[in-house]
Each structure stands twice: as C-alpha cells, then as structure tokens.
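Starting from 1, each residue takes its place in the sequence as its number.
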Amino acid sequence: MDLKGFDQPGGRAAGDTRSVKVMIAGGFGTGKTTMVRSVSDIKPLTTEETLTQASVDVDHLIGVADKTQTTVSLDFGKIGINESLVLYLFGTPGQERFWFLWNGLFKGALGAIVLVDTRRLESSFRAIEEMERQDVPFVVALNVFPDSRNYPVEEIRDALDIPEHTPVVAFDARDRASSRDVLVALIHHLKERSAVALEPR
C-alpha cells in the first residue's frame, strides 16, 4: 500500500516503521475483543471477566443473552500492515459503567474502528458520539452475526446519522483477513483526510 502523504502524527518504531494507535470501540457485545484476538500478530492482552449475577441489573444482555464474559478495562493487540506501518490496537470496554476509561484510551489515537451490531444499532450510538466529540476519524464496521439481517449500507448510514465521508463496511470480526481489511480501510480514510487538510483553502 502506498503511504505517501500519510503525514498524520504518529510515533516511529524501529528503523523507518511508523507506529499508529488505533481504537477499537463500540457497544457492549459488538465484537471488539473478538476482532483484536483475530487480527493481532501477537498474543493479545485482554481484560475479560466472567459476567456474574451481580451484573444482571447493570449490563443489559438484550440481543447478547449468550455472552458470558465482558471487557473491564481494555484489549490490546498489534498488527503490521506492511513493512512501514504497525498498528497498535486498543479495544474499549463497552458497558456504560466503564466508559470513564475511554478518555485515557483516546489519548494519542490517530483513528478508530466503531463496531456495530445491526441487530442492536443503539448499542453503538455512544461510541459514535464520542468519536465525533473527540474529533477522531473513524470507520463504521458492521459486524455480521449469524442471525444479522442484510441491510443496505445507506440505510445503516441514515439510521446512525453517519456523514457521507465516513466509510461504512461489513465484516466478520472472527476472520483475520476480514478484520485486517477494515483496518486498511481506516488507513485509506486517514490518508484521504490528510490530503483534504493539506489542500489550499
């Protein structure tokens, strides 16, 4: 992939490799941990804990009744897109009671992937609002579950009130190649935003 013009702020790892921090955000049970696990080149760090009876009135399991674990802090993974670009992935916790952790996780992030479960669009409203509030460029990734309906992308865009310039893509968080394609889509989006920012006004 040609990265010429990709001049957004980002650290440098060994040699001429650029390291970029990317957020993996979304609502409770949208597949954030699954994506980090499937795509990471290293064994990912996860902070999953078992859901207990004490969380029954706190964590709403509508649509994810089979979910038995939840992220309580963050997920962390790493993937080399090519020889010159490494992405460090930070997965956010999805439950409202852990949202206070998001501000710290956003620090230094160049872009984000917002995972959406089309069966429960409202579960990712908060993540999208936070991206817009923090002015973090993002891609909306529709995680395809076995019983998900196949909605037209424009219908999803309208339902989520996503602007035209924000990419919306469907993928399978369990599949490494599919998850990697979403990350590549984010990099292309960042390059386009960078080019626009450099155009004369």
Hey, any chance Ile79 and Val36 share a hydrophobic cluster, counting ILVMFWY side chains that come within less than 4.5 Å of each other, even indirectly?
yes

Donor-acceptor contact present, side-chain Arg37 to main-chain Lys43, <3.5 Å:
no

Quick one: ring-ring contact (aromatic ring centres under 6.0 Å, His included) partners of Phe76, sequence neighbours excluded?
Phe90

So which atom in Val139 and which in His189 form the shortest heavy-atom distance, rounded to 0.1 Å?
CG2-CB, 4.3 Å

Does Lys32 reach the main-chain N or O of Val114 with its side chain, forming a donor-acceptor pair under 3.5 Å?
no

Please give me the minimum heavy-atom distance between Ala112 and Met131, naming the atom from each residue.
CB-SD, 3.5 Å

Does the side chain of Val22 come within less than 4.5 Å of Leu186's, by heavy atoms?
yes

Determine whether Ser123 and Thr30 make a side-chain contact, defined as any pair of heavy atoms from C-beta on separated by less than 4.5 Å.
yes

Between Asp181 and Arg176, is the closest basic N to carboxylate O distance under 4.0 Å?
no

Please lay out, stage by stage, how Ile81 and Val86 fare under the test side-chain contact (heavy atoms from CB on, under 4.5 Å).
CA-CA 6 Å; Ile81 297 297; Val86 174; over 6 Å; no

Does the side-chain contact (heavy atoms from CB on, under 4.5 Å) test come out yes or no for Asp117 and Ser124, once each step is laid out?
CA-CA 8 Å; Asp117 179 350; Ser124 291; over 6 Å; no

Reported CE-to-OG distance for the pair Met35 and Ser40, which is rounded to 0.5 angstrom
11.0 Å

Close side-chain approach of Val39 to Leu89, heavy-atom, < 4.5 Å
yes

If only atom types and distance count, is the side chain of Asn143 paired as donor or acceptor with the main-chain N or O of Val116 below 3.5 Å?
no

Between Ser38 and Ser179: side-chain donor-acceptor atoms closer than 3.5 Å:
yes

Checking side-chain contact (heavy atoms from CB on, under 4.5 Å) for the pair Val20/Leu85: CA distance, chi angles, key distance, verdict?
CA-CA 8 Å; Val20 173; Leu85 181 63; 3.7 Å; yes

Check Arg157 against Thr166 and note the closest heavy-atom contact, atom names and distance.
NH1-O, 2.8 Å

For a 4.5 angstrom cut-off between non-hydrogen side-chain atoms, does Val140 reach Val169?
no

Flag if over 12 foreign heavy atoms under 6.0 Å of CG, Asp147
yes

Restricting to non-hydrogen atoms, name the atom on Phe106 and the atom on Glu130 that form the minimum distance, rounded to 0.1 Å.
CE1-CG, 3.6 Å

Test: salt bridge (charged side-chain N to carboxylate O under 4.0 Å, His left out). Region: residues 164-175. Which pairs qualify, not counting sequence neighbours?
Asp172-Arg174

For the atom pair CZ (Phe138) and CE (Met23), what is the distance rounded to the nearest 0.5 Å?
13.5 Å

Heavy-atom closest contact (Gly26 atom, Thr92 atom, distance):
N-OG1, 4.1 Å

Are Glu129 and Arg126 within salt-bridge range, i.e. N to O under 4.0 Å?
no

Start with the C-alpha distance between Ile187 and Leu87, add both sets of side-chain angles, then the distance that settles side-chain contact (heavy atoms from CB on, under 4.5 Å), and finish with yes or no.
CA-CA 10 Å; Ile187 297 306; Leu87 305 184; 3.8 Å; yes

Measuring only between side-chain heavy atoms, which start at C-beta, is Asp75 closer than 4.5 Å to Leu45?
no

Can you name the closest pair of heavy atoms from Gly108 and Lys21 and give their distance?
O-CB, 3.7 Å

Is a donor on one side and an acceptor on the other found under 3.5 Å between the side chain of Arg119 and the backbone of Ser148?
no

If you group Ile, Leu, Val, Met, Phe, Trp and Tyr by side-chain heavy-atom gaps below 4.5 Å, do Phe145 and Ile156 land in one group?
no

Where the side chain of Thr118 meets the backbone of Val144, is there a donor-acceptor pair that is under 3.5 Å apart?
no

Drop me the distance from Glu155's CD to Leu160's CG, to the nearest 0.5 angstrom.
11.0 Å

Atom CG in Asp158, atom OH in Tyr151: separation rounded to 0.5 Å?
14.0 Å

